[in-house]
Amino acid sequence: MTELMLALDVLTRAEAMDIAEKTHPYIDAIKIGYPLVLGSGLSVARDLSEFDLPLIADFKVADIPNTNRLIAEHVFEAGFSGIITQGFTGRDSVSACVDVAHSAGGKCYVVTEMSHPGALDFMGEGIAERLAALAVECNADGIIAPATRPERVKALREIIGKKKILSPGVGAQGGSAEEIAPLIDSMIVGRSIYNSEDPAKAAQSYSFIRN
Ligand code: 3DU
């Protein structure tokens, strides 16, 4: 079974609550990041907790260890259950996020290779493998890997074993749900659900991955 994580990148609290209300029976987790939090404030996390789903903070944290720790503390105090950090900042910065997450009973995921074409300028083969190995070394709970490149997800799976792979890139970015779902633990989908005329139906259309 592969989980479906809704990337809720709408800009207002009202839109976020509306889409979550419509889709929550068909999803396994919600991911929010700068678009919604800058538009509505961090307190939107508490509002979304009414749906009783894991809530992941996608801030792709990328700073020195002390600043990462301060950011992660805010995230878990706000009611999130997981955080996404960049890995290229190195082991001490990643460990700061992992430590705060685990102290709060939450999860920390490390970005390895992003899903857009430009990711290959700096984060492609070789570097992504090192970032995945760092995620293992730092005891992170999993990695973010690209649904747009299933062969790369297979290569990164070799490194991380049973840790979780959360994978964005299906739908609007061109990745195939059928192809990627068997390789990952959680499929992240945003626009093709929240921009749909019928978000509930759009979310439901991915239910085959959850069986
Ligand atoms: O392309 P979509 O609208 O389905 O949204 C994908 C989400 O995943 C979005 O929140 C984006 O910021 C995030 N993401 C990537 O798309 C690619 C990555 O490598 C990491 C996160």
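Whatever order the structure lists ligands and atoms in, that order sets their numbers, starting from 1. Position 1 is the first residue of the sequence; numbering continues from there.
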Can a donor-acceptor pair be found, under 3.5 Å and without considering hydrogens, that links the side chain of T148 to the backbone of G175? no
S196 side chain to S192 main-chain N or O, any donor-acceptor pair under 3.5 Å? no
For D9, the atoms of ligand 1 under 4.0 Å from one of its heavy atoms are 9 (C), 10 (O)
G190-ligand 1 polar pair, N/O distance under 3.5 Å: yes
Please say whether more than 12 non-hydrogen atoms of neighbouring residues, nucleotides or ligands are located less than 6.0 Å from NE2 in H24. yes
Out of P35, A147, S167, S115, indicate the one that has the non-hydrogen atom closest to atom 17 (C) of ligand 1. S115
Would the distance check show the side chain of R157 and the main-chain N or O of K163 forming a donor-acceptor pair, the cut-off being under 3.5 Å? yes
Any idea which part of K31 is under 4.0 Å from ligand 1, heavy-atom wise: side chain, backbone, both or neither? side chain
Heavy-atom proximity to atom 7 (C) of ligand 1, picking from G169, G174, G171, A7, points to A7
Can a donor-acceptor pair be found, under 3.5 Å and without considering hydrogens, that links the side chain of R13 to the backbone of V37? no
For ligand 1 and Q173, I'd like to know whether there is a polar contact (N/O to N/O, distance under 3.5 Å). yes
Stepwise, does the side-chain hydrogen bond (donor to acceptor under 3.5 Å, both in side chains) test hold for R152 with T112? CA-CA 10 Å; R152 297 291 300 133; T112 56; over 6 Å; no
For ligand 1, which atoms sit closer than 4.0 Å to a heavy atom of K60? 12 (O), 14 (N), 20 (C), 21 (C)
Can you check whether P54's main-chain N or O pairs, donor with acceptor, with S81's side chain at less than 3.5 Å? no
Only heavy atoms of R191, strictly under 4.0 Å: list the atoms of ligand 1 that pass. 1 (O), 2 (P), 3 (O), 4 (O)
Please list the nearest protein heavy atom to atom 8 (O) of ligand 1 with its residue and the distance rounded to 0.1 Å. P168 CB, 3.4 Å
